[in-house]
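Reckoned from all heavy atoms, side chains included, excluding hydrogens, waters and symmetry mates. Just follow the structure's listing: the first ligand is 1, and inside any ligand the first atom is 1.
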Amino acid sequence: MEQVESRIADACDRSGRPREDVRIIAVTKYSSLENTERVVRLGLRHIGESRWQDAKVKWETIGDEAEWHFIGHLQTNKVKDVVGKCTYIHSLDRPGLADEIHKKAAALGIRQKVFIQLNVSGEETKFGLAPDKLMEFAEHLKGLPGLDVCGLMTMAPYEARAEETRPVFRRLRELRDELNERGILPQPVNELSMGMSNDFEVAVEEGATWIRLGTVLMGKE
Ligand SMILES: *Cc1c(COP(=O)(O)O)cnc(C)c1O
């Protein structure tokens, strides 16, 4: 963890960014309840999970000691499980899903924080909205007050050399800026959820505000 911390600090230095602009999500999807409790005690408050079936026991045990981030692909029929329990949903990628999250949030009387997931790399195996659909999608979201759109999220292709992921992260940042210039959403979106164990330094250099770290933080169990 200290090593990860100094690598983040170095990446911030290289790009002239303040360290506090970058927050860590500890991705515990492969970790036991015990290990998850351990990292929360160490002060990592933001916990990322990609399947609610696996997250549920951790959420029931740890609860408000942590803030929960849903980072996996979200099926429409699973929306009811995560809205209101997870502070952030990182995988909003289609209108039907947006409608369902809005409905559930409105019923609970809350606004659900979401990230729009974009498939910037265009890999067929990846979820996420095509970047050329972003503005149209934002028009749709504008009519859904149960959603609080706070940023954009992407996953870069796994590259042996992290440097090769740079264009994907840079593009996500440009898309955020374009979205804000168009002024479609009621408030500007600031957050960029990008960077994982193998490429987080490049993501930080390109403007990540949330990095999602699994193996590099949690080890392999
Ligand atoms: C698993 C996962 C991560 C963390 O992956 P590592 O390579 O272990 O850091 C980050 N983001 C998403 C969406 C994931 O599914």
Parallel, tilted or perpendicular for Tyr88 and His90, by the 30°/60° rule?
tilted
Residues Lys56, Glu60: salt bridge by 4.0 Å N-O rule:
yes
Any donor-acceptor pair under 3.5 Å linking the side-chain atoms of Trp210 with those of Glu191?
yes
Just by distance, with hydrogens left out, do Thr76 and Glu100 show a side-chain donor and acceptor under 3.5 Å apart?
no
Answer yes if the side chains of Gln117 and Ser91 hold a donor-acceptor pair under 3.5 Å, and no otherwise.
no
Less than 4.0 Å between a side-chain N and a carboxylate O, is that true for Arg173 and Glu205?
no
Heavy-atom contacts under 4.0 Å to ligand 1, chain-then-number order, include exactly Val27, Lys29, Ile71, Met153, Met155, Met196, Ser197, Arg212, Leu213, Gly214, Thr215
